[in-house]
A.B. asks: 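Below is the structure I would like to discuss, written out as structure tokens.
Predicted model only: the values in this text are computed from it and were never measured. So you know, we letter chains A, B, ... as the sequences are listed, proteins then strands, and number each from 1.
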Amino acid sequence: MPAVALPEAYLEHPQNPEHGDYASSFPLKLARASGANPMNIAEDIMRLMTLAPEIDSIVSAPPGFINFTLKSNWLTNQVESIRQAGDAYGNIDLGRGSRVQVEFVSVNPTGPLHVGHGRGAVLGSTLSNVLSASGYKVAKEYYINDAGSQIDAFYHSLYGRYQQCLGIEAEIPADGYLGSYMIDLAKEVITEEGDRFLTLPEGEAVLQLGRLGLDKMIRQIEKDLESLGVSFDVWFSEQSLYQKGQYQTVMSLLRQRGYIAKKEDATWFVSTALGEDKDNVVVRGDGSPTYFAADIAYHYNKFLERQFDRVINIWGADHQGHVSRMKAVVAALGISPERLEVIISQMVTLRRGDDVVRISKRSGDIITLRELVEEVGKDACRFFFLSRSANSQMDFDLELAKKESADNPVYYVQYAHARIASILRLAQERGIDYRDGDVSLVTTAPELILIRKLLLLPELVETVARSLEPHHLTYYAQDLATVFHSFYKECRVISQDEALTKARLKLVEAARIVLAKTLYLMGMTAPEKM
RNA sequence: GUCCCUGUAGCUCAGUGGAUAGAGCGGCUGCCUUCUAAGCAGAAGGUCGUGAGUUCGACUCUCACCAGGGACGCCA
């Protein structure tokens, strides 16, 4: 054989089970470099290989694959390994304890969360679960935009509504928030605080009332997210970046490095120096910093002060254009830009059957996240949001999610768990102690197919952690439920055959562990009964 | 005009450069005396947007076009 550079050798799961548990196309790749016949290469390689004890056989297959089949007694022994690992099954050590921050939702606290925000919320919380299971130390964070012009508009809008509700003629600013929730908010304040803000000077009233309203809004957002099973470790205030000096520090740092320039009254971040299309304003002509400036300070804080190894931001599609300049900022701070990863979650179109439901903050008919959760339920919401890759736009059909809930994939998956629980319950009622069960008695095709599926969980966790694509979880959950249902149909678990009963109970318990873990990672409940 | 995402079964969407492209829903045919029929089994349904290119091999990579969505602000 001629000496050539070795191509990368890796294993894959063949889609056709007749081709074994693992396959490698290494001979085909080597054939390209060496010019030799791939089948001959396969044979040569096989002759040189020493088989690991868990491998039953290897065969070559045209046009140049090597296929590996696992020993069935090794497979059945894995049932014991899964039972032993318990809740920890599926955990891996990819992250080796490194620190990763996941920042998500971070919606302006100027209005209630809508459906699209729910998608980012579920993505972020699920990803955080998977990264934790992958050996990372994860910090979940919500960045509160509590400074800037949008907040001013919110404050003045609330003051206007407050006056109106007290019978005083007042106007809502043209760029203000016109939604009816602002009226509700004003009324709530009146109920709790009365008309006392009317006696204050206008500037003071706007500020005090505004802060009160903002606080209520943030608490409402927190509650809405909680109902979706989403929580945060840190709620980070944009304001604090000005109060605690990060803004000043990072600006002088960038100025020192020559990334700051004055043009036409404003101060600019010179991102063109880093290959960007255009520069961006950080301080306006009137001296007020932009949102971009605050975000620069925020990322200075993330990387240089808090020293996260990785930072993952989940943003809506409307922030796509922000990605490359944020990476430019990170580079300007002397941080390798790969340490900042941004997931863009594409838009959600809400539908009721064939009708598209418009989502607009201006009009009155917005569907809030809370309404969605109330209508569809937490678990179904999470599953639907998770079942599409983040960079695909998705249709969320309320009618389907609600009316046909019996055919909903989420119930299909949860039903499998309830069935498992039911079997284990019966075993307990009958006092069957299966701890001495012999798993080697598990030999039929549906049983081995189930075991093979259970063994994919650690790989799945790794795939999701590497790709940051949690949607794979939903497909795995459905596959797992399918093979379990099939097993259930074919294999009677609790029967007259005591030894086989015990062996199968062990397998069922392992299946429960894996299905429950998958549901846990997705932030869903694993019901004992349905 | 520039940048980003998407285009795969009737619908909604998966798919690591490899073997016969998959799932759910909808429609069709069967299956409940036994641990949950919210289930199982089966058949049907495809020019993988179009056209080139790279490769032993392309749904996957490159380029060009077409279509849908988003972004191009001293808003966030």
Side-chain angles (χ1 to χ4, degrees), chain A residues 10 12-16 18-19 23-25 28-29 31-32 35 38 61-65 67 106-108 110 145 148-151 153 175 238 263-268 277-278 280-292 294-295 316-324 344-347 349 351 384 387-397 400 404-416 418-427 429-430 463 466-467 471-472 474-475 478-479 481-482 484-495 501 504-505 508 529-530:
Chain A
Y10 62 92
E12 60 186 6
H13 290 288
Q15 40 184 315
N16 186 339
E18 286 171 18
H19 294 139
S24 179
S25 58
L28 283 165
K29 294 184 191 307
R32 179 189 318 197
F65 292 97
N67 296 333
S106 301
V107 175
N108 269 357
T110 53
N145 300 116
S149 60
Q150 294 303 310
I151 290 301
D175 62 345
E238 178 185 352
K263 270 189 289 183
E264 302 153 8
D265 292 344
T267 307
W268 299 70
D277 290 343
K278 55 184 175 35
N280 301 96
V281 172
V282 286
V283 184
R284 299 185 184 89
D286 67 4
S288 62
T290 63
Y291 159 87
F292 185 47
D295 229 11
D318 53 344
H319 284 64
Q320 177 65 247
H322 194 51
V323 176
S324 63
I344 296 296
S345 102
Q346 293 293 331
M347 291 183 56
T349 306
R351 287 169 41 192
F384 268 81
S387 62
R388 307 278 176 263
S389 89
N391 42 21
S392 290
Q393 291 165 229
M394 71 174 289
D395 280 6
F396 197 118
D397 189 341
L400 192 81
E404 301 190 343
S405 60
D407 296 322
N408 203 312
V410 63
Y411 294 106
Y412 178 80
V413 172
Q414 290 181 318
Y415 183 64
R419 265 188 161 173
I420 290 170
S422 171
I423 296 169
L424 295 175
R425 211 159 38 233
L426 182 68
E429 281 164 16
R430 296 208 181 154
T463 299
R466 285 190 190 281
S467 66
H471 67 273
H472 298 296
T474 63
Y475 289 88
Q478 287 181 91
D479 283 352
T482 297
F484 179 79
H485 285 313
S486 187
F487 155 80
Y488 177 90
K489 184 74 177 177
E490 297 289 321
C491 303
R492 174 82 200 177
V493 177
I494 297 171
S495 68
T501 296
R504 284 184 170 165
L505 280 170
V508 167
K529 282 184 182 173
M530 280 176 77

A.B. asks: Keeping the roles fixed (side chain from A:Thr501, backbone from A:Ser495), state whether a donor-acceptor pair exists under 3.5 Å.
C.D. replies: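 Side chain of A:Thr501 to backbone of A:Ser495, a donor-acceptor pair under 3.5 Å: yes, one is there.
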A.B. asks: Please determine whether a side-chain nitrogen or oxygen atom of A:Arg419 lies at a distance below 4.0 Å from atom OP1 or OP2 of B:rA37.
C.D. replies: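 Checking A:Arg419 against B:rA37: at least one side-chain N or O falls below 4.0 Å of OP1 or OP2.
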A.B. asks: Could you measure between the two C1' atoms, the one in B:rU55 and the one in B:rC61, and give it in whole Å?
C.D. replies: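 My reading of the C1' atoms in B:rU55 and B:rC61 gives 10 Å.
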A.B. asks: Check the phosphate of B:rG17 against A:Ser25, side-chain N and O only, distance under 4.0 Å to OP1 or OP2. Yes or no?
C.D. replies: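 Negative; the distance criterion is not met.
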A.B. asks: Do the side chains of A:Phe396 and A:Arg388 get nearer than 4.5 Å, heavy atoms only?
C.D. replies: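 No. Closest side-chain heavy atoms not under 4.5 Å.
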A.B. asks: Decide yes or no, distance alone: a donor-acceptor N/O pair under 3.5 angstrom between the base of B:rA19 and the side-chain of A:Asn67.
C.D. replies: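 Donor-acceptor pair under 3.5 Å: yes.
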A.B. asks: Using a 4.5 Å cut-off on heavy atoms from C-beta on, say whether the side chain of A:Tyr488 contacts that of A:Val493.
C.D. replies: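 With C-beta onward as the side chain, the pair stays apart.
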A.B. asks: Any side-chain heavy-atom pair from A:Gln414 and A:Met530 closer than 4.5 angstrom?
C.D. replies: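 Counting from C-beta outward, A:Gln414 and A:Met530 do come under 4.5 Å.
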A.B. asks: Tell me which of A:Asp479 and A:Ser486 sits closer to the 5' end of RNA chain B, going by the nucleotide each one is nearest to.
C.D. replies: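 Looking at RNA chain B, the more 5' nearest nucleotide goes with A:Asp479.
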A.B. asks: Using a heavy-atom cut-off of under 4.0 Å over every strand shown, decide if A:Asn16 touches base, sugar-phosphate, or nothing.
C.D. replies: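 If one applies the 4.0 Å heavy-atom cut-off, A:Asn16 turns out to touch a base.
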A.B. asks: Syn versus anti for B:rC5, judged by chi lying within 90° of 0?
C.D. replies: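 Anti conformation for B:rC5.
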A.B. asks: Which part of the nucleic acid, if any, lies within contact of A:Ser389, taking any heavy atom under 4.0 Å across all strands shown: a base, the sugar-phosphate backbone alone, or nothing?
C.D. replies: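 Since only primed, P, OP1 and OP2 atoms lie under 4.0 Å of A:Ser389, the category is sugar-phosphate.
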A.B. asks: Quick one: is the NZ or CZ of A:Arg419 closer than 6.0 Å to the six-membered ring centre of A:Phe484, and within 45° of its axis?
C.D. replies: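 Judged by the rule, A:Arg419 and A:Phe484 form no cation-pi pair.
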A.B. asks: Which whole number of Å gives the distance between the P atom of B:rC63 and that of B:rU20?
C.D. replies: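 It comes out at 29 Å once rounded to the nearest Å.
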A.B. asks: For B:rA38, does OP1 or OP2 lie under 4.0 Å from any side-chain N or O of A:Tyr415?
C.D. replies: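 It does, given that an N or O in the side chain of A:Tyr415 lies less than 4.0 Å from OP1 or OP2 of B:rA38.
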A.B. asks: May A:Phe65 be described as stacking on the base of B:rA19, applying a 5.5 Å centroid limit and a 30° limit on plane angle?
C.D. replies: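 Answer is yes, a stack.
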A.B. asks: Any N or O donor-acceptor pair linking the side chain of A:His319 to the base of B:rA71 at under 3.5 Å?
C.D. replies: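 There is none.
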A.B. asks: Sticking with atom P, work out how far B:rA71 lies from B:rU62, rounded to a whole angstrom.
C.D. replies: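 B:rA71 and B:rU62 have their P atoms separated by 25 Å.
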A.B. asks: Within the 4.0 Å heavy-atom criterion, would you say A:Lys529 contacts the bases, only the backbone, or no part of the nucleic acid?
C.D. replies: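 Answer is base: heavy atoms of A:Lys529 come under 4.0 Å of a base.
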A.B. asks: Judged by modelled atom types alone, do A:Tyr291 and A:Ser149 share a side-chain donor-acceptor pair under 3.5 Å?
C.D. replies: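 No, no side-chain donor-acceptor pair sits under 3.5 Å.
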A.B. asks: Counting heavy atoms not belonging to A:Lys529, are there more than 12 under 6.0 Å from its NZ?
C.D. replies: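 No, because the 6.0 Å sphere around NZ of A:Lys529 holds 12 heavy atoms or fewer from other groups.
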A.B. asks: 5'-most contact on RNA chain B: A:Ala266 or A:Ala317, nearest heavy atom basis?
C.D. replies: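 Its nearest nucleotide being more 5', the pick is A:Ala317.
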A.B. asks: Would you classify A:Glu12 as touching base, sugar-phosphate or nothing, given that sugar-phosphate means primed atoms plus P, OP1 and OP2, and contacts are heavy atoms under 4.0 Å?
C.D. replies: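 A:Glu12: backbone/sugar contact only, no base atoms under 4.0 Å.
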A.B. asks: Does A:Ala23 reach a base, just sugar-phosphate, or nothing at all? Heavy atoms under 4.0 Å.
C.D. replies: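 Touches a base.
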A.B. asks: When all nucleic acid strands are considered with a 4.0 Å heavy-atom cut-off, which category describes A:Gln15: base, sugar-phosphate, or nothing?
C.D. replies: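 The answer is sugar-phosphate, as A:Gln15 gets under 4.0 Å only of primed atoms, P, OP1 or OP2.
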A.B. asks: What's the gap between B:rG24 and B:rU8 when it is taken at their C1' atoms, as a whole Å value?
C.D. replies: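 15 Å, rounded to whole Å.
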A.B. asks: Dot-bracket for RNA chain B: what is it, with Watson-Crick or G-U pairs under 3.5 Å, [ ] where a pair crosses earlier ones, and | for a pair to another strand?
C.D. replies: (((((((..((((....[...))))..((((.......))))......(((((..]....))))))))))))....
A.B. asks: Using the C1' atom on both, measure B:rG22 against B:rA64 and round to a whole Å.
C.D. replies: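 To the nearest whole Å, 30 Å.
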A.B. asks: Any non-hydrogen side-chain atom of A:Met394 less than 4.5 Å from a side-chain atom of A:Thr349?
C.D. replies: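 Not touching, per the 4.5 Å side-chain cut-off.
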A.B. asks: May I ask you to say what A:Tyr488 touches in the nucleic acid, namely base, sugar-phosphate or nothing, with a heavy-atom cut-off under 4.0 Å?
C.D. replies: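 Here A:Tyr488 touches the bases of the nucleic acid.
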A.B. asks: Take atom C1' in B:rG45 and the same atom in B:rA9, then report the distance between them in whole Å.
C.D. replies: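 Between the two C1' atoms, the distance is 6 Å.
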A.B. asks: State whether A:Tyr412 places a side-chain N or O below 4.0 Å from either non-bridging phosphate oxygen (OP1 or OP2) of B:rC40.
C.D. replies: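 So the side-chain polar atoms of A:Tyr412 do come within 4.0 Å of the phosphate oxygens OP1 or OP2 of B:rC40, strictly under.
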